[in-house]
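Please read the structure below before turning to the comments.
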Amino acid sequence: MLQYRTLRADEICRALFASFIRRQNVTKCWRKENDDWVIRDAPFIDDWSERDYQTLIACLKHTVEAGGFVYAAFCDGLLKGFVSVEPILFGGEEQYLDLSSLHVSADKRGQGIGKALFLAARAWARSQGARKLYISSHSAVESQAFYRAMGCVEARVYNQAHVEAEPYDCQLECGV
């Protein structure tokens, strides 16, 4: 049975992710070339190292402690998805809040968990006065198909820090 709830900083630890499967077999990705979006072969396996988990845990705790939103899906008490939204508005008139993460465990993808998490993030952002969510998203065709289905489009204003941190990500926005 699926249950959704907000996470507290004190419960975000390595053990929380014991049953979470990040692994994603990527074959094709979107790339921006000469101002046009094209799909290119870019095969690799995306997974998290132990260091990646430690960074994720620190970031999620910081988000909660700073007043942001960390919301999770559990199946039979095991973490199977989560989303986070940072609490600081940016982007001038765009009034963005940053959707800093959205992940669903490989064994539960395609079952509506990502959509439920995304909709919760949108509702929270709206309650905080945002006009749009900003998403620096993985460029895999599957990830982009999900975000397009959620109504996301290319961001009108790029967050340069995101572009520099992940140059192959797609910079998206979605009204809340």
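Counting begins at 1 with the first residue of the sequence.
- Under a 4.5 Å side-chain heavy-atom cut-off, the cluster of Ile, Leu, Val, Met, Phe, Trp and Tyr residues that includes Phe20 is completed by Leu7, Ile12, Leu16, Phe17, Trp48, Tyr53, Leu56, Ile57, Leu60, Val64, Val70, Phe74, Leu79, Phe82.
- The line from CZ of Arg22 to CD1 of Ile45 is 11.5 Å long, rounded to the nearest 0.5 Å.
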With side chain to side chain contact (heavy atoms under 4.5 Å, CB included) as the test, would you mind laying out the steps for Asp41 and Lys28 before giving the verdict?
CA-CA 5 Å; Asp41 289 330; Lys28 296 184 179 293; 2.5 Å; yes
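- Take Arg23 and apply the salt bridge (charged side-chain N to carboxylate O under 4.0 Å, His left out) test, not counting sequence neighbours, and it matches no residue.
- Take Arg51 and apply the side chain to side chain contact (heavy atoms under 4.5 Å, CB included) test, not counting sequence neighbours, and it matches Ser49.
- Nearest heavy atoms, Gln171 versus Ser136: NE2-OG, 3.0 Å.
- Rounding to the nearest 0.5 Å places SG of Cys29 at 9.5 Å from CD1 of Ile39.
- Although no hydrogens or angles enter the test, the distance criterion places no donor-acceptor pair under 3.5 Å between the side chain of Asn34 and the main chain of Asp36.
- Each of Tyr134, Tyr96, Tyr168 was scored for a ring pair (Phe, Tyr, Trp, His ring centres under 6.0 Å) with His162, with one residue passing: Tyr134.
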Please evaluate residues Gln160 and Val163 with respect to the criterion side chain to side chain contact (heavy atoms under 4.5 Å, CB included), reporting the C-alpha separation (whole Å), side-chain torsions for both, the decisive distance (0.1 Å), and the verdict.
CA-CA 5 Å; Gln160 200 57 38; Val163 173; 3.9 Å; yes
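- In the model, Ser105 has a side-chain atom that pairs as donor or acceptor with a side-chain atom of Asp107 under 3.5 Å.
- Under the 4.5 Å side-chain heavy-atom criterion for grouping Ile, Leu, Val, Met, Phe, Trp and Tyr, Leu172 is not connected to Tyr158 through any hydrophobic cluster.
- Residues satisfying the side chain to side chain contact (heavy atoms under 4.5 Å, CB included) criterion with Ser19, sequence neighbours excluded, are Leu78, Lys80.
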Please report, to 0.1 Å, the donor-acceptor pairs under 3.5 Å made by any side chain of residues 111-125, with sequence neighbours excluded.
| unit_1 | atom_1 | unit_2 | atom_2 | d |
| --- | --- | --- | --- | --- |
| Arg122 | NE | Gly175 | O | 3.3 |

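- For Lys132, the side chain to side chain donor-acceptor pair (under 3.5 Å) partners at least two apart in sequence or on another chain are Glu94, Glu173.
- The distance from atom CD of Glu166 to atom NE2 of His138, rounded to the nearest 0.5 Å, is 8.5 Å.
- The list of side-chain hydrogen bond (donor to acceptor under 3.5 Å, both in side chains) pairs with a residue in residues 56-71, not counting sequence neighbours, reads Thr63-Glu86.
- The closest side-chain heavy-atom distance from Leu97 to Leu89 is below 4.5 Å.
- A donor and an acceptor atom, one from each side chain of Ser137 and Ser143, are nowhere located under 3.5 Å apart.
- At least one donor-acceptor pair under 3.5 Å links the side chain of Gln95 to the backbone N or O of Gly92.
- Placement of Val157 and Val85 in two distinct hydrophobic clusters is found when ILVMFWY residues are connected by side-chain heavy-atom separations under 4.5 Å, directly or transitively.
- Atoms CZ and SG, on Arg31 and Cys170 in that order, are 8.0 Å from each other to the nearest 0.5 Å.
- Listed by chain and number, the residues in a side chain to side chain contact (heavy atoms under 4.5 Å, CB included) with Ala106 are Ile21, Arg109 (sequence neighbours excluded).
- Shown here are the side chain to side chain donor-acceptor pair (under 3.5 Å) partners of Trp37, two or more places apart in sequence or in another chain: Glu154.
- Under the 4.5 Å side-chain heavy-atom criterion for ILVMFWY residues, a single connected hydrophobic cluster contains both Leu2 and Leu102.
- Met1 is listed as a side-chain neighbour of Gln3, based on a closest heavy-atom distance under 4.5 Å.
- No more than 12 heavy atoms of other residues, nucleotides or ligands shown are found within 6.0 angstrom of CZ on Arg156.
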Show your working on side chain to side chain contact (heavy atoms under 4.5 Å, CB included) between Ile135 and Cys152 and close with a plain yes or no.
CA-CA 9 Å; Ile135 306 108; Cys152 298; 3.8 Å; yes
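- Every side chain to side chain donor-acceptor pair (under 3.5 Å) that Arg14 has, sequence neighbours left out, goes to Glu50.
- Criterion: ILVMFWY side-chain heavy atoms under 4.5 Å apart, direct or through other members. Under it, Leu133 and Met150 are part of a common hydrophobic cluster.
- The salt bridge (charged side-chain N to carboxylate O under 4.0 Å, His left out) search around Asp76 returns none, not counting sequence neighbours.
- You'll find the side chain of Val153 reaches within 4.5 Å of the side chain of Arg148, heavy atoms only.
- By the side chain to side chain donor-acceptor pair (under 3.5 Å) test, Asn25 pairs with no residue at all, sequence neighbours left out.
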